[in-house]
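Since the structure comes first, as structure tokens, the remarks are kept for the end.
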Amino acid sequence: MVYSDELMRLAATAEIKAKKQFEEIDERAFKNQVKVMNAFRDNKIKAEHFASTSGYGYNDAGREAIEALYASVFECQAALVRHSIVSGTQALTIGLFGLLRPGDTLLCVTGKPYDTLEEVIGLQGQPGNGSLKDFGVNYRETSLTEDGRFDTDAIISAIDDTTKVIYIQKSRGYCNRPTLRNEDIGALVKAVKAEKSDLFVMVDNCYGEFCELHEPTYYGADLAVGSLIKNPGGGMAESGGYLAGSKRAVELCAYRLTAPGIGGETGATLGQNKSIIKGLFYAPHTTAQALKTAVFAASLFEEMQLDSSPRSDETRYDIIQTLTFSDEQPLISFCEGIQSGSPIDSFVTPVPWDMPGYQDEVIMAAGTFTQGASIELSADAPIRAPFTVYIQGGLTYESGKIGIISAAQRVLDQRSGK
């Protein structure tokens, strides 16, 4: 692709403006890398942990080492980390079904949950498909305040004797609201536990890992859940998910994953240990590359007078950058540009389609080495107003920058009718 002189001038200005944020991101990445390195040393990670097992996977030392590593890095009691978890949505489903029982109430305190969880909860979909609602679990939600904070008074008022899980979605999902800070999550944990001590606080931590110095579990969350093909897999893990938190919460989730009484004691790793371990090693650095890509994107969009969030000078608590258009055509053009600026399938044209689990058509641009890996540069959007595209990832800042410039060029070309 040929980039216009105007665009390259805007990109150079944007990069200069982003320098201070880049320095802060690098400093945080170093501190997180120290934490990861200490976990590797404390858990005596060795080459033998890369070995594969089959069948039941009894006594898989590598699997046990991985879960000990995650518990150390997430500063919590236990973790369940498996390559066989197919997505973040499945990991969250394991958590919800692991913690909730018939008659319990799930209280979502960040408004409407991410689209793919609506059928899991029973807000959408055909009755009888196996949702939480089918199993007699009640659902209630509270909204964030207008400035994107927890409405603590409303949350406390919504808690009753049946409330078992307080559910927090850290990232914005497909909503135009700020990402939550882990320290603020910790303050809410204290407030709700003071009201009802036996409930669980569960956090959808997708896109947020290693963006701060501590994860939600450090601040008291009973469970943090995410996907290995996002931040914590470091671009190396090719599948999988994790659930980390208190010993009891993780134990209940392990019983849901396998069977009561068996839990996390089985599960063959089939040669995936090395990529998962290596991915966690890379994760602080790779997440920093994605954050730099997002800051550069915001800075460039500001130079182009486009509507984006967060601003380039804002502190970030996840890797997502949004860009909102007046209608669907420039949004589609932007996604085409992301695809054309990707290392894999750059010649493919993304189109909106009916993706499983979503209520609207969704367009996804992701020329990734691992299918659907959000830590690699990607962009996706539901085709509905407001026409907002959600951008995340970048294995390296340099490749991420190229992808963003390619997408920006498509927007400029679409503006001029080319």
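Worth saying up front: this structure is predicted, and the values here are computed from it rather than measured.
By the 6.0 Å contact criterion, CZ on Arg149 is open, its count of non-hydrogen atoms from other residues, nucleotides or ligands being 12 or less. Applying the 6.0 Å contact sphere to NZ of Lys278 captures no more than 12 heavy atoms from other residues, nucleotides or ligands.
Here the straight-line distance linking atom OG1 of Thr217 with atom CG of Leu223 works out to 9.0 Å at 0.5 Å rounding. Atom CD1 of residue Ile121 and atom CD of residue Glu141 lie 8.5 Å apart, to the nearest 0.5 angstrom. Between the CD atom in Gln90 and the OG atom in Ser84 there is a gap of 7.0 Å [rounded to 0.5 Å].
Within the 4.5 Å cutoff, no side-chain heavy atoms of Asn182 are placed close to those of Tyr317.
Salt-bridge check for Asp184 with Arg181: passed, with a basic side-chain N closer than 4.0 Å to an acidic carboxylate O. At a threshold of 4.0 Å, the pair Asp115-Arg384 counts as salt-bridged, since one of the basic side-chain nitrogens sits closer than that to a carboxylate oxygen. In this structure, Lys170 does not pair ionically with Glu209, as no charged nitrogen and carboxylate oxygen lie closer than 4.0 Å. Using a 4.0 Å cut-off between charged nitrogen and carboxylate oxygen, Asp313 and Lys17 do not count as a salt-bridge pair. A salt bridge is defined here as a Lys NZ or Arg NE, NH1 or NH2 lying under 4.0 Å from an Asp or Glu carboxylate O, and Asp198 with Lys196 meets this definition. Using a 4.0 Å cut-off between charged nitrogen and carboxylate oxygen, Arg140 and Asp160 count as a salt-bridge pair. A salt bridge does not link Arg9 to Glu303: none of the charged nitrogens lies less than 4.0 Å from a carboxylate oxygen. Salt-bridge formation is detected for the pair Asp222/Lys193: a Lys NZ or Arg NE/NH1/NH2 atom is positioned less than 4.0 Å from an Asp or Glu carboxylate oxygen. Using a 4.0 Å cut-off between charged side-chain N and carboxylate O, Lys20 and Glu24 make a salt bridge. Ion pair Glu251/Arg248 flagged as a salt bridge, since at least one NZ, NE, NH1 or NH2 atom sits closer than 4.0 Å to an Asp/Glu carboxylate oxygen.
Between Phe387 and Phe325, a ring centre-to-centre spacing not shorter than 6.0 Å is recorded.
In plain terms, the two heavy atoms of Arg316 and Ala298 that are nearest each other are NH2-CB, 3.4 Å. Minimum interatomic distance between Met8 and Ile405 (heavy atoms only, all atoms of both residues): SD-CG2, 4.3 Å.
Although no hydrogens or angles enter the test, the distance criterion places a donor-acceptor pair under 3.5 Å between the side chain of Ser246 and the main chain of Ala249. Without hydrogens or angle criteria, Gln289 side chain to Tyr397 main chain gives a donor-acceptor distance under 3.5 Å. Judged by distance alone, with hydrogens and angles left aside, the side-chain atoms of Ser342 form no donor-acceptor pair with the main-chain N or O of Ile344 at under 3.5 Å. Checking side-chain atoms of Glu67 against main-chain N and O of Ala78 turns up no donor-acceptor pair under 3.5 Å. In this structure a side-chain-to-backbone donor-acceptor pair under 3.5 Å is present from Ser399 to Thr396.
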task = Quick one: do Tyr174 and Asp380 satisfy side chain to side chain contact (heavy atoms under 4.5 Å, CB included)? Show the steps, please.
result = CA-CA 10 Å; Tyr174 280 159; Asp380 54 280; 2.4 Å; yes
message = side chain to side chain contact (heavy atoms under 4.5 Å, CB included), that's the test. Do Phe281 and Gln33 meet it? Break it down for me.
response = CA-CA 8 Å; Phe281 170 79; Gln33 194 69 54; 3.9 Å; yes
